[in-house]
Amino acid sequence: TQEAATTGTGKGSSGETVTLQTYQSNGTYYLYDTSKPMDGIIRTYTANQGSSLPGNYVTDADNNFQSSNQAAAVDAHYFAGLTYDYYYDTHGRNSYDNNGSDLISTVHYGSNFNNAFWNGSQMVYGDGDGSTFSPLSGSLDVVAHELTHAVTDTTANLVYQDQPGALNESMSDVFAVIVEAENGDFDWQLGEDIYTPGTPGDALRSLENPELYDQPSHMDDYYNTSADNGGVHTNSGIPNKAFYYIANDIGLDKSGDIYYRALTSYLTSQSDFEDARNALLQSAEDLYGANSTEYQAVSDGYAAVGIG
Ligand SMILES: Cc1cccc(C(=O)O)c1OC(=O)C1CC1
Ligand SMILES: [Zn+2]
């Protein structure tokens, strides 16, 4: 058989044309990217509105993935590549497990499915119902959020419950903001490109102002509930706001280095918000010293949300 790595093009859900790393075999082109430095292959599938994973490879006859039903796959494939690049270029991390595991994404999962998730082995994206969400791979911050769940699961492995769970959620939001900023699209919001397509300007969450979307930004307002694994998507507002203060103080790059070190070297499965403060302080001390402005920024940011 005749086969080779190829470079194609595709149109994402926002209508822009992007360059895609594809693979050609017997005259068919696949969303199968073998270009990454450490063999982390990126492969993208469609569930065709079903729920069996990973589903079928997304293919094209002429290496130009521009039809509307390919847009969600183009986004998932392209944004997974950008997120791989961030972790490899900035932190030397080779794929989500630092062991070059393939990045597998499936789009068109389920019917009108308003959800995106990492299922322990791959990323999965619904199409949304067109009112609450448009196809959920259509936003780099969502893809980076999901892939960061995989990074967390293979490092701190924060339990998805109560404070460790809210921290798990916050780490995904933090690196989603950083990956978007690294790609020239900085904002403090999450999911703004795919949330309520009929309502411009809103988002799923805001790190600058968690209260905008019914999240607390201080320990005094910690939300005790049994829903949503103890409110992991609500209480993440508290560590999210601490990150907002810290990054405003010392910038996203230094914050990203401190957060990456805390996530991969100090946090463990039961770490709570107080443990996060200590892990981030230790990381800031390791990187910049105990009397550094970076250390002080972490202390101030966590104090401002009522921790420490
Ligand atoms: C849309 C959605 C629903 C339920 C869980 C998640 C989840 O991955 O926690 C989810 O995705 C996000 O939060 C991404 C950031 C927008
Ligand atoms: Zn999440």
Side-chain angles (χ1 to χ4, degrees), residues 13-14 51 53 72 75-76 79-80 82-83 86 96 103-181 183 185-197 199 202-208 210 212-215 223 225 227-240 243-244 259 263 267:
S13 52
S14 69
S51 57
L53 294 173
D75 288 326
F79 292 147
L82 294 183
T83 307
Y86 166 76
Y96 61 87
L103 293 187
I104 304 165
S105 303
T106 296
V107 296
H108 298 314
Y109 178 85
S111 169
N112 295 331
F113 191 61
N114 285 323
N115 201 318
F117 57 96
W118 170 263
N119 77 347
S121 312
Q122 65 162 98
M123 288 164 281
V124 184
Y125 300 96
D127 286 331
D129 59 11
S131 166
T132 305
F133 285 107
S134 49
L136 281 96
S137 57
S139 177
L140 175 55
D141 56 5
V142 174
V143 173
H145 176 104
E146 300 314 336
L147 206 41
T148 299
H149 276 308
V151 173
T152 297
D153 288 357
T154 55
T155 54
N157 195 22
L158 287 158
V159 170
Y160 208 60
Q161 183 70 35
D162 301 326
Q163 285 195 25
L167 214 42
N168 183 316
E169 268 302 302
S170 178
M171 285 295 173
S172 275
D173 284 353
V174 161
F175 285 103
V177 167
I178 293 172
V179 171
E180 270 203 341
N183 285 277
D185 177 15
F186 168 64
D187 59 59
W188 290 114
Q189 306 215 94
L190 256 292
E192 65 281 355
D193 300 338
I194 48 109
Y195 186 61
T196 59
T199 314
D202 68 349
L204 203 51
R205 294 186 285 279
S206 164
L207 281 73
E208 177 175 24
L212 263 182
Y213 304 109
D214 306 320
Q215 290 187 291
Y223 179 54
T225 177
D228 189 30
N229 299 95
V232 299
H233 292 94
T234 302
N235 292 309
S236 56
I238 296 166
N240 279 359
F243 170 72
Y244 166 76
Y259 272 71
L263 181 63
L267 291 173

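What you see is a predicted model, and the numbers here were worked out from it, not measured in a lab. Both ligands and their constituent atoms are indexed starting at 1 by order of listing.
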Enquirer: With rounding to the nearest 0.5 angstrom, report the CG to CE distance, Leu147 to Met123.
Expert: 4.5 Å
Enquirer: Would you call the rings of Tyr86 and Phe175 parallel, tilted or perpendicular, where under 30° means parallel and over 60° means perpendicular?
Expert: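 Answer is tilted, since the angle falls between 30° and 60°.
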Enquirer: Suppose the cut-off is 2.8 Å; which protein N/O/S atoms would you list for the Zn ion (ligand 2)?
Expert: His145 NE2, His149 NE2, Glu169 OE2
Enquirer: Determine whether Glu192 and Ser139 satisfy the following criterion, side-chain hydrogen bond (donor to acceptor under 3.5 Å, both in side chains), listing intermediate values before the conclusion.
Expert: CA-CA 8 Å; Glu192 65 281 355; Ser139 177; 5.0 Å; no
Enquirer: So which protein residues pack against ligand 1 under 4.0 Å, heavy atoms counted?
Expert: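 For ligand 1, the contacting residues are Asn115, Ala116, Phe133, Leu136, Val142, His145, Glu146, His149, Tyr160, Glu169, Leu190, Leu204, Arg205, His233.
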Enquirer: Test Trp118 against Val151 for side chain to side chain contact (heavy atoms under 4.5 Å, CB included), laying out the working first.
Expert: CA-CA 10 Å; Trp118 170 263; Val151 173; over 6 Å; no
Enquirer: Quick one: pull up CG in Asn114 and CG in Asp129 and give me the separation to the nearest 0.5 Å.
Expert: 4.0 Å
Enquirer: Tell me, with the steps shown, if Leu207 and Leu190 meet side chain to side chain contact (heavy atoms under 4.5 Å, CB included).
Expert: CA-CA 8 Å; Leu207 281 73; Leu190 256 292; 3.6 Å; yes
Enquirer: Out of curiosity, Tyr96 OH to Thr83 OG1, how far, rounded to the nearest 0.5 Å?
Expert: 14.0 Å
Enquirer: CG of Asp193 to CG of Asp185: how many Å apart, nearest 0.5 Å?
Expert: 6.5 Å
Enquirer: State yes or no: are the ring centers of Tyr125 and Phe79 separated by less than 6.0 Å?
Expert: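 No, too far apart.
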